[in-house]
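Here is the structure we will look at, set down as structure tokens.
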Amino acid sequence: MSTVDVPNVGTFTVNVVTTGSGDPLVFLHGYERHPGEAAFLTELGKSYSVVAPEQPGYGTSEGFENLTDIYDLVLFYRKFIETLGGPVVLVGHSSGGMIAGEIAAFFPHLVKKLVLVDSFGVWIDDQPAPQDPFGAPKDVQAALWADPSAKPDPEPTIFVEDPNDPFGAMFFQAQNLGTATKFLWPIADRGLARRLPYVDAPTLVVNGAKDGVVPVAQAEEIARLVPTAELEIIDGAGHYPMFEQPEQFLTVVKNFLAK
Amino acid sequence: MKFHWFAEATYGDLPKDVSSVSVDIPRDVLDPYTVGQHYKMFTRLMQQADALGWDGLAVNEHHQTAFAMTPSPNLLAATLADTTQNAAILIIGDSLALYNPPIRVAEEMAYIDCVSEGRVIAGFVFGTPPDTAFAYGIPPAEIRDRFHEARQLITRAWTEPEPFAFNGKYNKLRYVNAVPRPIQGRPPIWVPGTGSVETWDLVLQEDYCYGYLSFLGLDNARPIVKGFWDRVDELGAEANPNRMAFTQLICVADSDAEAEAKYAEAVNYFFTMQKGQPHFGTPPGYTSIATQREQLRRAKGVSPEVRAKLARGELSFWDYDDLGFIIAGTPEKVRQRVRDLAVELRVGQLITCMHIGNLPEEVAAENNHLFGTQVAPHLRDVWSEYEDRWTPQVSQQRVAAHAPRADLSPTSA
């Protein structure tokens with residue numbers, strides 16, 4: 001656990017997964033859950049010191065009640081990155097991408113490179129996302145995976161079953177998604193589009209071709225708004241390209257980071 | 001005990017095969033002219049109930065649903081305030097998180113209190129998940145926080161002697177100075193809940209009336225209501241039955257056979273037409289994890305098997321009655337069952353649902369007449385020894401002076 005005091009905002013105590021060694025790389029997980037010590041993080045750990053906090057309000061991480069709006073969360077991550085000795089490579093997935101974009105826009109001196117993977121945060125009126133991420137569970141599953149029948153089982157997660165708590169997994173999921181509603185509900189737009197042009201860091205935007213909650217059109221819009229961005233679309237992947245097409249995902253990310 | 005007249009303003013002409021009646025209801029299902037006629041019918045029935053001695057007339061708020069077509073209870077309440085004389089106007093209630101800014105609630109409830117000459121009961125509700133999270137787009141993680149901020153703002157707008165500035169998290173107001181203000185100062189406040197401990201503590205701390213507004217009768221309510229009274233005891237509050245409200249569907253007729261003939265279709269309609277996608281009822285973040293855990297621990301009032309039968313419309317009229325979802329039959333029978341319910345649950349405020357589903361107006365009017373003249377007058381003694389500071393003084397006095405009494409001929413009125 002790592003405790004960060006943000007003056008006039010509050011105290012955050014968050015669960016942190018670390019792996020590997022090298023320059024710091026911070027990974028911000030997506031709206032459903034922290035993936036735990038997932039293979040793609042271990043792989044990135046071969047070149048980087050990977051630091052993957054479980055976001056406030058998820059799992060056992062505390063401090064969610066301190067958040068009035070997204071700026072409080074950005075301030076928390078400023079402090080968090082400063083304690084790592086920043087600047088860092090910042091990789092954000094899904095809702096974590098939305099936060100990563102904000103951090104890079106507000107505090108460009110803390111972000112060496114930025115990777116946004118199936119990132120929420122922008123909305124296109126004439127191309128609305130086909131699936132609400134909080135819709136009927138079976139519709140959401142169909143939208144999250146290019147091939148729902150081939151998704152990893154179990155899905156990579158930081159959650160550890162407690163034999164004394166038979167409903168633990170259910171409440172873990174309920175709490176995580178409840179936290180996610182703060183910035184994603186009912187439409188995941190808190191104004192990021194106005195701020196993306198202020199991102200200075202070299203940026204890679206990655207999106208699964210079949211993502212139904214963050215469609216490719218939104219990734220294209222993010223790539224258009226960030227002056228330095230390049231875009232990679234991953235075929236055969238939905239919202240989780242790192243799990244559906246891990247090799248291709250790691251190849252595009254590593255190539256970008258090696259530049 | 002006190003009786004408050006209520007009906008979900010349900011559209012009575014829904015196609016049997018309609019896919020959904022809430023949030024994503026098909027647009028062509030509701031005819032606006034017919035909707036207007038529904039509102040007029042509910043107004044007439046409540047005017048009749050006022051003349052028959054009901055203690056309160058209850059109106060509620062829902063959005064994007066044909067099951068309860070009341071986007072603003074204040075509109076219906078305004079009509080009642082001006083066209084009834086005695087009963088309290090029970091607004092149960094305004095979904096505070098949905099008003100922006102919520103001083104709108106302070107103003108409109110004050111208007112209704114002024115016009116009704118001090119008869120308003122101010123109900124503050126969190127709002128259902130389909131209403132708040134889906135129809136009105138409030139992040140579930142914020143609903144409770146917004147509710148509490150609004151509640152504090154509204155109460156201050158009614159009671160502070162001078163204009164004030166309010167710098168809330170969601171509401172920034174430099175000059176709060178509501179016009180009009182309620183005749184009652186701070187009207188009685190009711191807050192309904194579904195059994196969460198947080199809400200129990202709130203109502204006891206603030207001296208609000210707690211409403212458990214289920215339509216599933218005594219058996220279902222028993223564990224939750226017991227939890228409430230246990231909490232009252234734990235916190236050392238007075239176990240005054242008037243601090244608790246409960247809803248009950250009522251079907252009175254001259255005989256059991258007549259009750260079945262007149263109400264069976266409407267009761268079935270009421271319970272089977274509440275169609276909607278399940279996830280609209282359970283958005284993440286709406287219910288705290290602590291409350292969800294408590295709900296799992298708590299004994300279940302109605303079994304999953306019965307709930308499934310209910311949804312599929314497989315219960316007979318007398319199944320509904322046996323389960324307590326409805327109280328049906330002759331005035332004598334209804335009288336006894338209402339008494340048993342009120343005594344067992346320790347409920348002083350009974351919200352009687354007198355129009356149900358697609359019930360014809362004349363049957364509802366007869367229901368009103370039989371209940372008002374032959375049931376309620378016989379139950380006035382229940383809990384009468386307790387002070388009631390949760391209904392307005394004006395309505396208490398006027399109803400006491402005008403309501404039918406038990407010694408009147410059953411057929412008068």
Side-chain angles (χ1 to χ4, degrees), chain A residues 8-10 31-33 55-73 95 120 123 128 131-143 162 164-190, chain B residues 19-20 22-24 63-64 95 97-98 100 126-150 166-172 196 198 275-298 300:
Chain A
N8 292 335
V9 176
Y31 87 104
E32 291 195 296
R33 68 188 76 84
Q55 303 212 44
Y58 281 79
T60 51
S61 290
E62 296 168 7
F64 179 70
E65 66 281 1
N66 300 326
L67 305 174
T68 297
D69 52 34
I70 205 159
Y71 308 115
D72 296 322
L73 195 54
S95 59
F120 284 103
W123 183 262
Q131 178 60 46
D132 176 355
F134 304 102
K138 76 170 175 20
D139 297 341
V140 174
Q141 286 306 309
D162 172 357
N164 297 318
D165 187 3
F167 300 103
M170 185 179 89
F171 289 124
F172 171 78
Q173 177 80 349
Q175 181 187 322
N176 287 354
L177 291 180
T179 296
T181 68
K182 177 76 181 173
F183 303 120
L184 301 190
W185 191 291
I187 286 174
D189 176 3
R190 298 295 186 269
Chain B
S19 55
S20 161
S22 285
V23 183
D24 56 355
H63 299 278
Q64 295 184 191
S95 299
L98 308 187
N100 185 17
F126 295 104
T128 67
D131 289 345
T132 52
F134 289 94
Y136 268 49
I138 306 291
E142 293 181 356
I143 290 169
R144 276 171 193 266
D145 212 19
R146 286 174 180 268
F147 171 87
H148 289 301
E149 182 175 310
F166 187 88
N167 182 24
K169 197 164 163 181
Y170 306 100
N171 301 280
K172 311 275 184 197
S196 83
E198 296 103 312
K275 293 180 183 174
Q277 297 194 53
H279 75 277
F280 290 146
T282 54
Y286 181 83
T287 307
S288 74
I289 299 299
T291 294
Q292 289 181 45
R293 285 192 180 273
E294 172 63 23
Q295 286 167 347
L296 263 183
R297 267 195 301 273
R298 188 180 287 149
K300 286 283 173 293

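Convention: sequence-line order gives letters A, B, ...; per-chain numbering from 1.
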- Message: Looking at chain B, which one of Pro137(A), Ala180(A), Gly178(A) has the largest number of heavy-atom pairs inside 4.5 Å, strictly under?
- Response: Gly178(A)

- Task: Quick one: do Arg297(B) and Glu294(B) satisfy salt bridge (Lys or Arg N to Asp or Glu O under 4.0 Å)? Show the steps, please.
- Result: CA-CA 5 Å; Arg297(B) 267 195 301 273; Glu294(B) 172 63 23; 3.3 Å; yes

Give, as side chain, backbone, both or neither, the part of [X] having an atom under 4.5 angstrom from any heavy atom of chain A.
X	result
Ile138(B)	backbone
Tyr170(B)	side chain
Gln277(B)	side chain

- Query: By a 4.5 Å heavy-atom criterion (distance strictly below it), what part of Phe64(A) contacts chain B: side chain, backbone, both, or neither?
  - Reply: side chain

- Which word best sums up how the rings of Phe126(B) and His148(B) line up, parallel for under 30°, tilted for 30 to 60°, or perpendicular for over 60°? perpendicular

- Query: Near Lys172(B) NZ, under 6.0 Å, is it more than 12 heavy atoms from other residues, nucleotides or ligands?
  - Reply: yes

- Can you name the nearest heavy-atom pair linking His279(B) to Gly135(A), along with the distance? CD2-C, 3.5 Å

- Message: Name the residue from Trp185(A), Phe183(A), Phe120(A) that meets the ring pair (Phe, Tyr, Trp, His ring centres under 6.0 Å) definition with Tyr31(A).
- Response: Phe120(A)

